[in-house]
Structure formats: structure tokens, C-alpha cells
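All values derive from a computational prediction rather than experimental measurement. A, B, ... follow the sequence lines: proteins, then strands. Residue 1 opens every chain. The figures that follow rest on heavy atoms only: side chains count, while hydrogens, waters and symmetry mates do not.
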Amino acid sequence: MSDAQDPAADPAGSGASGSGLAAEKVRRTARVDEIRERGDEPYPYRFDRSHTLAEVRAEWGTIEAGSETEAVVTVAGRIMLQRDTGKLVFATIRDRDGEIQLFISKGVVGDDAFADVKELDLGDWVGATGTVMATRTGELSVKPTSVTLLAKAVRPLPDKWHGLTDPETRFRQRYADLIVNAEARRHFEVRHAMVSSFRRTLAGEGYIEVETPVLHVEAGGAHARPFVTHHNALEMELYLRIALELHLKRLIVGGMEKVFEIGRIFRNEGISTRHNPEFTMMELYQAFADWTDVMAITERLITNAARDALGTTTVTIRGQDVDLAEPWPRLSMCGAVSAKAGTDVHPSMPLDEARALADRHHATYEPSWGSGRVIESLFEELCEAEIVRPTFVTGHPVEISPLARVDRTDPYVTERFELFVDGRELANGYSELNDPREQRMRFEEEQAAKDAGDAERGTVDEDYLRALEYGMPPTGGLGVGIDRVAMLLAGVDNIREVVLFPTLRPEQEIQ
RNA sequence: CCGCCUCUAGCUCAAUGGCAGAGCAGUGGACUCUUAAUCCAUUGGUUCUGGGUUCGAAUCCCAGGGGGCGGACCA
């Protein structure tokens with residue numbers, strides 16, 4: 001647009017001068033007008049196909065080279081490649097599940113229709129009806145008697161061979177990335193297969209899927225900075241949720257026994273290869289269970305997902321094959337840090353000793369932190385990155401686990417685990433704290449830390465405490481980072497590869 | 001928020017201080033079994049933006065913007 005220039009009104013019909021993007025769009029848009037002017041529709045409302053391209057291949061993929069069948073099919077797809085030999089045009093079209101070649105003969109479709117075929121561009125959507133055949137070289141093809149334009153593409157596709165590699169363009173224009181990069185398509189197929197596998201596993205074990213509020217009055221259930229928004233009619237601030245936990249446990253109080261939710265949560269923090277500001281969590285809670293049950297279902301969920309998404313339970317992590325079906329090792333946080341630091345650590349240790357150890361190992365800490373949180377910092381500094389195969393890290397200090405139940409054999413740690421794979425945290429679960437009085441004390445400690453200036457710490461959620469006062473049965477809970485598991489199964493090390501539209505700064509100008 | 005890297009045609013990339021180029025896509029032409037079809041011809045540029053140094057800047061410097069990687073932050 002804005003090319004109000006054209007006093008040239010060039011008789012050559014070459015549209016805008018040159019062949020940049022603008023000229024290309026002018027040319028293709030002019031084609032749309034041409035088709036309309038003669039009474040045809042370049043964007044028809046619907047099209048009925050008889051077969052997907054994969055179905056054609058499944059049924060006739062093995063016919064002999066040079067053979068023609070009587071079978072008539074109607075297919076549809078986007079033109080990805082074109083080879084024009086004069087009176088014969090080969091067009092490779094693609095739908096969601098496959099590709100096939102159209103063998104378009106001037107003699108078969110007739111002169112007028114063939115002229116229209118010549119006007120098709122890469123990227124156009126077409127439908128075709130014709131017989132199934134295989135060329136002399138054995139390429140399975142449809143030989144159309146008619147070819148219908150289903151949608152004109154007025155913007156050219158990226159390079160047919162090199163595709164689209166610029167990460168910025170790939171993430172901003174995911175649609176173009178998906179059109180052109182099979183690997184990108186695969187990542188989201190894996191993600192879909194994984195999520196649907198999770199749902200199947202959970203349904204099979206009697207879990208109920210629920211939806212809880214995204215807009216929270218208090219953003220609890222995790223230590224993270226929330227996004228703040230405003231409700232006009234209520235005239236109040238609301239927070240986008242940072243976790244699903246507290247609402248789901250209210251449902252356990254309500255007697256729903258086994259619940260889960262797969263939902264988007266939002267954390268107002270940095271962006272990295274493992275962090276997107278909005279991401280997807282699966283959390284489940286199960287009455288009468290404890291953390292050991294939850295570790296077991298974590299293994300089942302992820303192993304089943306691998307089998308369903310990849311057809312194998314073996315994945316490659318940092319170049320080594322790991323069979324997820326083998327039991328996952330457990331590693332106590334304090335034990336791991338003790339081994340690395342060469343001296344025993346425990347949250348009961350004096351704070352100055354914990355700090356001295358942190359100093360020696362370049363682990364950072366804040367003045368407000370107790371020994372437990374300093375130990376966690378040491379763990380992150382010394383141990384986290386070295387974990388390759390799936391490992392349950394257990395026994396988190398009480399100080400960093402305000403919603404988890406104290407370990408039945410050690411009052412300083414909780415019955416909690418985090419699942420680490422390839423140096424990344426994938427899941428987190430524990431025996432849920434259900435004593436309302438102890439929960440109130442833990443909340444008050446959180447509130448005190450927040451008041452002391454630690455912005456990520458929590459607040460006292462009075463409604464949640466009221467729920468606990470009605471009695472929550474013994475409960476095990478789990479949170480799984482869906483994006484992180486998708487990364488594992490897709491074999492990628494950047495979360496943007498498994499998030500369709502990752503958060504980016506807005507473009508300044510779209511051409 | 002900090003450090004390093006990066007930004008050239010629609011796409012993928014050259015050009016390292018001396019006339020901004022190639023392949024693909026596009027356009028015109030040839031070809032009824034191609035496979036990234038091929039062959040001939042050809043169009044297309046705010047070199048991210050603004051400033052500076054220089055006889056001369058895509059190239060060097062400064063500032064800004066987008067993106068990438070790493071860090072900080074993220075139990």
C-alpha cells in the first residue's frame with residue numbers, strides 16, 4: 001500500500017517497479033483482482049476433500065512406477081514447490097500430515113485451466129481432483145482434472161531451500177516458521193502428544209480435570225513476582241496467578257480427592273532459554289497420598305508421555321541415552337551439598353557456618369536468609385547444573401517450603417522433592433501441609449520476610465487457612481513444568497522452541 | 001538490569017575503508033516425467049536508526065533500537 005505512486009501505470013503490467021516485497025504483493029494482489037473480475041472467487045468458503053495427503057500415500061504409496069490407477073481423489077494443500085516443464089507442471093502440495101505431487105498436464109486440464117495453473121504462486125492453497133498415479137521415476141502423484149485456488153497467498157514464502165533461520169523472525173512470525181521448518185512443526189507435535197498423554201494417564205488413574213481462577217486477589221503458591229492488573233468494576237488490583245496450588249488444595253478440602261489442572265501461569269521475571277513470562281503448569285493433588293506416591297506418578301506421567309510422543313522411553317540428554325523407564329535416582333539436597341562441600345550441612349547448622357561455606361563456594365545469599373535457604377543456594381551453585389539424568393532431589397529445608405509438610409523423621413526438612421533433568425527443574429512435589437495452625441505460622445513467616453523487603457515471599461492467605469480448618473485429608477501434590485518436559489522430549493534447549501508465541505518486545509513497524 | 005555477539009534485497013548469505021553482490025523467490029522466454037527441475041535474459045537496496053571520523057563508511061567510533069547467548073533475577 002501507500003504506493004500511491006503509479007503515475008507510471010506501466011503498460012508492461014509489471015506492477016510496482018522492481019520486485020521487492022512491495023512489488024511482489026502488488027503483483028499477487030492484482031492476480032486476486034483479475035480472478036474476481038472474471039467472476040471467480042480467489043478465497044472460496046469451503047472445500048471438501050476426499051483424502052488427506054497421508055491417506056493417499058497410505059493407500060497408494062506402493063503402486064508401481066509409471067502406473068496409473070482409476071482411483072479419483074480430491075485433495076488440498078499449500079503449494080510448496082513447483083516445477084514447470086512447459087506443458088506439464090509439477091506442484092508439491094502439503095497439508096498437515098503429508099506432501100504429494102500434483103502432475104498437472106495441459107492436455108488433461110485444458111488450455112484455460114492450465115493458464116490459471118501457470119499463474120499459481122508458491123504459498124497458494126489449492127484443491128485438486130484427479131486420479132492417483134506414480135510417475136516413471138516412482139513419485140506418487142495426483143493427476144488432476146481440475147485445480148481450484150482455495151486461498152491466494154499475496155506474501156511470498158521464505159526461501160524454499162534454506163527456509164527461515166533468523167530466530168527473531170521465526171518467533172515473531174511463527175506462522176512462517178511452521179510453514180517452512182519441519183523441525184518447528186515437530187516440536188509442537190511432540191508437545192501436543194505429551195499433553196494429551198498426561199491427560200490420558202491422569203484420566204486413567206481417576207483424576208478430575210478442573211479450572212481455577214487466573215485472576216488472584218493474592219498471588220500465592222510460589223515465590224515469584226506477579227503481574228498486576230486492575231479490575232474496573234471492582235475497582236481493585238488483581239494479580240495473575242503464579243501457581244495453581246492453593247485453589248486446587250481447596251478442592252481437596254471439598255472432597256474431590258484427585259484433581260489436576262493444566263494451566264497458564266505468569267511470573268514477572270527475567271526471560272531466558274528456560275523462562276518465558278507465561279508458561280504452562282500441570283498440578284495435581286491426591287487425597288490420602290504422600291510424596292512417595294507423587295514421585296511415582298511423576299515417573300509414570302513423563303515416561304508414558306515419552307512413549308506416546310516419541311514411541312520410545314529413551315531420550316538423549318547431553319549426548320547420552322537415558323531410558324526414562326529405569327527408576328530415577330533420589331538425591332537428598334543436604335547430602336548432595338555435603339558431598340560437594342566436603343563437610344556436612346543441615347538446616348539446623350548455625351547460620352554463620354552456612355554463610356562461611358557459601359562464601360567459600362561462591363554461593364550468594366541475602367542477610368535475611370536462614371541456614372536452610374543458604375543451603376539451597378549452595379545446592380544451586382554446586383549441584384544443580386551437574387544433574388543430567390532424571391533425579392529426584394529431596395528433603396528441602398522447611399524455610400524454603402512453606403506449603404510442604406515437615407519430614408516425619410527430621411523437623412528441619414520437608415517431605416518434598418524437585419525433579420531435575422539436564423540441570424533444569426522440571427517438577428516439584430510434596431506431602432502437603434494440612435495442619436491449619438502450622439500453616440498459619442508458616443504464612444506469618446512468609447509475611448514477615450515480605451514485610452522485611454523480600455518481594456517474592458508470600459502473604460497470609462486467610463481463605464486458604466479457613467479451608468484447611470475444615471480439614472484437608474493427608475494429601476500429596478505435584479507441579480510439572482509442561483514447557484520444560486516438552487523441551488526434554490523435543491530435545492531442544494530453548495523454551496521458545498516449545499512455546500508457539502514466546503514473549504518478545506513489540507515490533508516497531510510491520511512490513 | 002549488566003556483559004559479549006549480531007542486524008546487508010521477500011528469504012539464505014557475500015563484500016573489512018575504495019562503484020553493494022550471489023543463490024532462491026519474482027519478471028520475460030524455452031521445455032509434456034520434474035524432484036531445491038534445468039537453460040537464457042532480467043528487475044529488486046533507508047546495508048536497523050541517528051550522529052561522528054575520513055577525500056571516501058555496510059565496514060571504524062559514539063548513542064539509540066531489535067534479536068541472540070551468558071549473567072542477575074527466577075524456592
Margin query: Strictly below 4.0 Å: does T85(A) bring a side-chain N or O up to OP1 or OP2 of C39(B)?
Written below: no
Check: R505(A) side chain N/O closer than 4.0 Å to the phosphate oxygens (OP1, OP2) of G66(B)?
Finding: yes
Next item on the list: Could you tell me the separation between the CZ atom of R424(A) and the NE2 atom of H275(A), rounded to the nearest 0.5 Å?
Entry: 10.0 Å
Notebook entry, point to check: With sugar-phosphate meaning primed atoms plus P, OP1 and OP2, does S105(A) contact a base, only sugar-phosphate, or nothing at under 4.0 Å between heavy atoms?
Noted result: base
Next item on the list: Give me the one residue out of W328(A), W291(A), F392(A), Y430(A) that meets ring pair (Phe, Tyr, Trp, His ring centres under 6.0 Å) with F417(A).
Entry: F392(A)
Check: So what does Q101(A) hit on the nucleic acid, given a heavy-atom distance under 4.0 Å: a base, only sugar-phosphate, or nothing?
Finding: base
Notebook entry, point to check: Which one of R83(A), E99(A), Q82(A), Q101(A) satisfies the side chain to side chain donor-acceptor pair (under 3.5 Å) criterion with T92(A)?
Noted result: R83(A)
Notebook entry, point to check: Under a 3.5 Å cut-off for both distances, is A63(B) Watson-Crick or wobble paired, and to whom?
Noted result: U49(B)
Next item on the list: For nucleotides A20(B) and G45(B), find the distance between their P atoms and express it as a whole number of Å.
Entry: 13 Å
Next item on the list: Send over the distance from I495(A) CD1 to G68(B) P, rounded to a whole Å.
Entry: 13 Å
Next item on the list: Ignoring the backbone of R496(A), work out which of U34(B), G68(B), A36(B) is nearest its side chain.
Entry: G68(B)
Next item on the list: Describe the nucleic acid contact of Q82(A) in one word from base, sugar-phosphate, nothing, applying a heavy-atom distance below 4.0 Å.
Entry: sugar-phosphate
Next item on the list: Grab the CD-P distance between E168(A) and G65(B) for me, whole Å please.
Entry: 14 Å
Next item on the list: Select base, sugar-phosphate, or nothing to describe what E399(A) touches, counting heavy atoms under 4.0 Å on all strands.
Entry: nothing
Note to self: Please classify the nucleic acid contact of N268(A) as base, sugar-phosphate, or nothing, using heavy-atom distances under 4.0 Å.
What the structure shows: nothing
Margin query: Classify the ring geometry of H216(A) against H247(A): parallel below 30°, tilted from 30° to 60°, perpendicular beyond 60°.
Written below: tilted
Notebook entry, point to check: Closer than 4.0 Å, any side-chain N/O of N276(A) to the OP1 or OP2 of C74(B)?
Noted result: no
Note to self: Any carboxylate oxygen within less than 4.0 angstrom of a Lys/Arg side-chain nitrogen, looking at E445(A) and R457(A)?
What the structure shows: no
Notebook entry, point to check: Who does C4(B) pair with, Watson-Crick or G-U, both distances under 3.5 Å?
Noted result: G68(B)
Checklist line | Spacing of D493(A) atom CG and M487(A) atom CE [to the nearest 0.5 Å] | finding: 6.5 Å
Check: Does T165(A) place a side-chain N or O at less than 4.0 Å from the phosphate oxygens OP1/OP2 of U12(B)?
Finding: yes
Next item on the list: Can you figure out which of C73(B), C11(B), G67(B) approaches the side chain of P167(A) most closely?
Entry: G67(B)
Margin query: Mind checking if P402(A) touches a base, just sugar-phosphate, or nothing, with heavy atoms under 4.0 Å?
Written below: base
Next item on the list: Let me know the distance between CD of E381(A) and C1' of A72(B), rounded to the nearest Å.
Entry: 13 Å
Notebook entry, point to check: Which whole number of Å gives the distance between the P atom of G21(B) and that of A58(B)?
Noted result: 12 Å
Checklist line | Ion pair E24(A)/R28(A), N-O distance below 4.0 Å | finding: yes
Note to self: Output one letter per nucleotide in nucleotides 3-9 of chain B: B when a protein non-hydrogen atom lies under 4.0 Å from the base, S when only the sugar-phosphate is that close, - when neither is.
What the structure shows: -------
Next item on the list: Quick one: pull up CG in L53(A) and CZ in R94(A) and give me the separation to the nearest 0.5 Å.
Entry: 10.0 Å
Next item on the list: Quick one: pull up CG in L468(A) and CG in L433(A) and give me the separation to the nearest 0.5 Å.
Entry: 7.0 Å
Note to self: OP1 or OP2 of C74(B) versus the side-chain N and O atoms of R225(A): is any pair under 4.0 Å?
What the structure shows: no
Margin query: Using atom C1' in both nucleotides, what's the gap between U53(B) and C61(B) to the nearest angstrom?
Written below: 7 Å
Next item on the list: Give the rounded distance in Å between these two atoms: CE of M133(A) and C1' of U34(B).
Entry: 11 Å
Check: At what distance, to the nearest 0.5 angstrom, does CG of D177(A) lie from OG1 of T169(A)?
Finding: 9.5 Å
Check: Are any of R170(A)'s side-chain N or O atoms less than 4.0 Å away from OP1 or OP2 of C11(B)?
Finding: no
Note to self: Using a 4.0 Å heavy-atom cut-off, does R172(A) contact any base of the nucleic acid, only the sugar-phosphate backbone, or nothing at all?
What the structure shows: sugar-phosphate
Item checked: Pair E381(A), H362(A): side-chain N/O donor-acceptor within cut-off below 3.5 Å -> no
Note to self: With a 3.5 Å limit on both atom pairs, tell me what G44(B) is paired to, counting Watson-Crick and G-U wobble, or say none.
What the structure shows: none
Check: Between A9(B) and G51(B), how far is it from one C1' atom to the other, in whole Å?
Finding: 26 Å
Margin query: Does A222(A) reach a base, just sugar-phosphate, or nothing at all? Heavy atoms under 4.0 Å.
Written below: base
Next item on the list: Report yes if a side-chain nitrogen or oxygen of R83(A) is closer than 4.0 Å to either non-bridging phosphate oxygen (OP1 or OP2) of U34(B); otherwise report no.
Entry: no
Item checked: Touch class at under 4.0 angstrom, heavy-atom based, for D84(A) against every strand present -> base
Note to self: Among C73(B), G68(B), C11(B), which nucleotide has an atom closest to any side-chain atom of P158(A)?
What the structure shows: C11(B)
Next item on the list: Would you indicate what G66(A) reaches in the nucleic acid, counting non-hydrogen atoms under 4.0 angstrom: base, sugar-phosphate, or nothing?
Entry: nothing
Check: What's the CZ-P distance between R155(A) and G10(B), to the nearest Å?
Finding: 11 Å
Notebook entry, point to check: What is the distance from CD1 of I104(A) to P of U32(B), rounded to the nearest Å?
Noted result: 15 Å
Checklist line | Under-4.0 Å salt bridge between D124(A) and R78(A) | finding: no
Next item on the list: Please state how far atom CD1 in I179(A) lies from atom C1' in C11(B), giving the value in whole angstrom units.
Entry: 13 Å
Notebook entry, point to check: Partner of U54(B) by Watson-Crick or G-U wobble geometry, both contacts under 3.5 Å, or none?
Noted result: none
Check: Starting at NZ of K106(A) and ending at P of C33(B), how long is that distance when rounded to a whole Å?
Finding: 14 Å
Produce the list of close N/O pairs, under 3.5 Å, pairing protein atoms with atoms of nucleotides 21-24 of chain B; give distances to one decimal.
unit_1 : atom_1 : unit_2  : atom_2 : d
G23(B) : N2     : D159(A) : OD2    : 2.7
C24(B) : O2     : D159(A) : OD2    : 3.3

Next item on the list: Take atom P in U27(B) and the same atom in A37(B), then report the distance between them in whole Å.
Entry: 15 Å
Checklist line | For D290(A), the option from R405(A), R408(A), R416(A) that meets salt bridge (Lys or Arg N to Asp or Glu O under 4.0 Å) | finding: R408(A)
Note to self: Can you check the distance between U6(B) and U47(B), where both ends of the measurement are the C1' atom (answer in whole Å)?
What the structure shows: 14 Å
Next item on the list: Please work out if T273(A) contacts a base, only the sugar-phosphate, or nothing of the nucleic acid, heavy-atom cut-off 4.0 Å.
Entry: sugar-phosphate
Next item on the list: Check every strand shown and say whether R424(A) touches a base, only sugar-phosphate, or nothing at a heavy-atom separation below 4.0 Å.
Entry: nothing
Note to self: Regarding E425(A) and R484(A), does a basic nitrogen lie under 4.0 Å from an acidic carboxylate oxygen?
What the structure shows: no
Next item on the list: Give one of base, sugar-phosphate or nothing for R274(A), where a contact means two heavy atoms less than 4.0 Å apart.
Entry: sugar-phosphate
